[in-house]
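Have a look at the structure below before the remarks.
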Amino acid sequence: QVQLVESGGGLVQPGGSLRLACAASGNILGLHDMGWYRQAPGSQRELVAVIGSGGNTRIADSVKGRFTISRDNANNRMYLQMNSLKAEDTAVYFCNARVTLRSTFWRTDDYWGQGTEVTVSS
């Protein structure tokens, strides 16, 4: 039905930058709220940033001023620009989206990507 695919993760040195992307595909009628979550080894998954369909954003205090979330509604894509990366940003980053399918136009469901790994280390 719907697939979310993250890309852009990798190994980067402290102070460096990465840009993550999430591509949504399938029988999509509408994409609503979308967000980035991350999970470090031995930790719970936490919200990094969320963006509404109209472009309003909320950023976690731990990354505010360093990360920027954006979306391209015409192409069903979402991005996370990560600057001034720190070792504590090391985690698997997941794309999340609330989606309405054409076949189930009366409801909205949550979908998750498989994650992309970000490692910040010298």
Side-chain angles (χ1 to χ4, degrees):
Q1 64 305 43
V2 172
Q3 190 169 68
L4 301 178
V5 180
E6 302 97 334
S7 61
L11 175 65
V12 65
Q13 293 182 325
S17 297
L18 283 174
R19 186 178 186 242
L20 306 184
C22 172
S25 61
N27 188 29
I28 299 170
L29 178 62
L31 280 174
H32 309 289
D33 290 355
M34 302 182 73
W36 289 98
Y37 292 73
R38 68 186 183 186
Q39 188 166 17
S43 300
Q44 289 189 253
R45 189 173 298 187
E46 64 177 353
L47 176 67
V48 177
V50 63
I51 183 166
S53 60
N56 54 302
T57 63
R58 280 157 278 154
I59 312 295
D61 289 341
S62 59
V63 303
K64 192 171 294 182
R66 300 187 297 120
F67 291 11
T68 303
I69 188 170
S70 61
R71 64 190 289 168
D72 179 355
N73 289 331
N75 294 291
N76 290 339
R77 294 181 187 272
M78 178 180 65
Y79 304 94
L80 185 69
Q81 179 66 47
M82 305 186 294
N83 298 325
S84 301
L85 284 161
K86 306 173 181 179
E88 48 263 50
D89 295 318
T90 296
V92 177
Y93 285 72
F94 296 91
C95 175
N96 175 76
R98 299 228 83 212
V99 183
T100 298
L101 305 178
R102 288 189 177 91
S103 58
T104 54
F105 60 88
W106 60 90
R107 73 175 194 237
T108 301
D109 299 301
D110 278 308
Y111 288 88
W112 292 88
Q114 293 299 302
T116 185
E117 200 167 320
V118 172
T119 302
V120 184
S121 177
S122 58

Minimum heavy-atom separation for Q39 and Q44, please, with both atom names. CG-C, 4.1 Å
What are the two closest heavy atoms between P14 and S122, and how far apart are they?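 For P14 and S122, the tightest heavy-atom pair comes out as CD-N, 3.7 Å.
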Hey, are the side chains of [X] and [Y] touching, using non-hydrogen atoms and a 4.5 Å cut-off?
X: V118; Y: L20; answer: yes
X: L31; Y: R71; answer: yes
X: V120; Y: V12; answer: yes
X: Y111; Y: L101; answer: yes

Pairs meeting criterion salt bridge (charged side-chain N to carboxylate O under 4.0 Å, His left out) with involvement of residues 91-106, two or more places apart: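 Non-adjacent pairs meeting salt bridge (charged side-chain N to carboxylate O under 4.0 Å, His left out): R98-D110.
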Please determine whether the number of non-hydrogen atoms from other residues, nucleotides or ligands lying under 6.0 Å from atom CD of E117 exceeds 12.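 Atom CD in E117 is not packed in, count stays at 12 or less.
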Taking atom CZ of R66 as the centre, does the number of heavy atoms from other residues, nucleotides or ligands within less than 6.0 Å exceed 12? yes
Hey, quick one: are [X] and [Y] part of the same hydrophobic cluster, counting side-chain heavy atoms closer than 4.5 Å, chains of contacts allowed?
X: Y37; Y: V48; value: no
X: I51; Y: I28; value: yes
X: I69; Y: Y79; value: no
X: V92; Y: W112; value: yes

Rounded at 0.5 Å granularity, tell me how far [atom1] in [X] sits from [atom2] in [Y].
X: S17; Y: F67; atom1: OG; atom2: CZ; result: 9.5 Å
X: N96; Y: L4; atom1: CG; atom2: CG; result: 7.5 Å
X: L47; Y: W36; atom1: CG; atom2: CH2; result: 12.5 Å
X: D72; Y: M78; atom1: CG; atom2: CE; result: 12.0 Å
X: Q1; Y: S103; atom1: CD; atom2: OG; result: 8.5 Å
X: L18; Y: L80; atom1: CG; atom2: CG; result: 9.5 Å

State whether the side chain of R58 and the backbone N or O of G52 hold a donor-acceptor pair below 3.5 Å, judged by distance alone.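 Checked: no pair found.
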Return yes if some donor-acceptor pair links the side-chain N/O of Q114 with the main-chain N/O of E6 below 3.5 Å, else return no. no
May I ask you to check whether T90 and T119 show a side-chain donor-acceptor distance below 3.5 Å?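 Result is no, nothing qualifies.
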Summary of disulfide (SG to SG under 2.5 Å) pairs that have at least one residue in residues 18-122, sequence neighbours excluded: C22-C95
Short N-O contact, K86 and D89, less than 4.0 angstrom: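 Salt bridge flag = no for D89 with K86.
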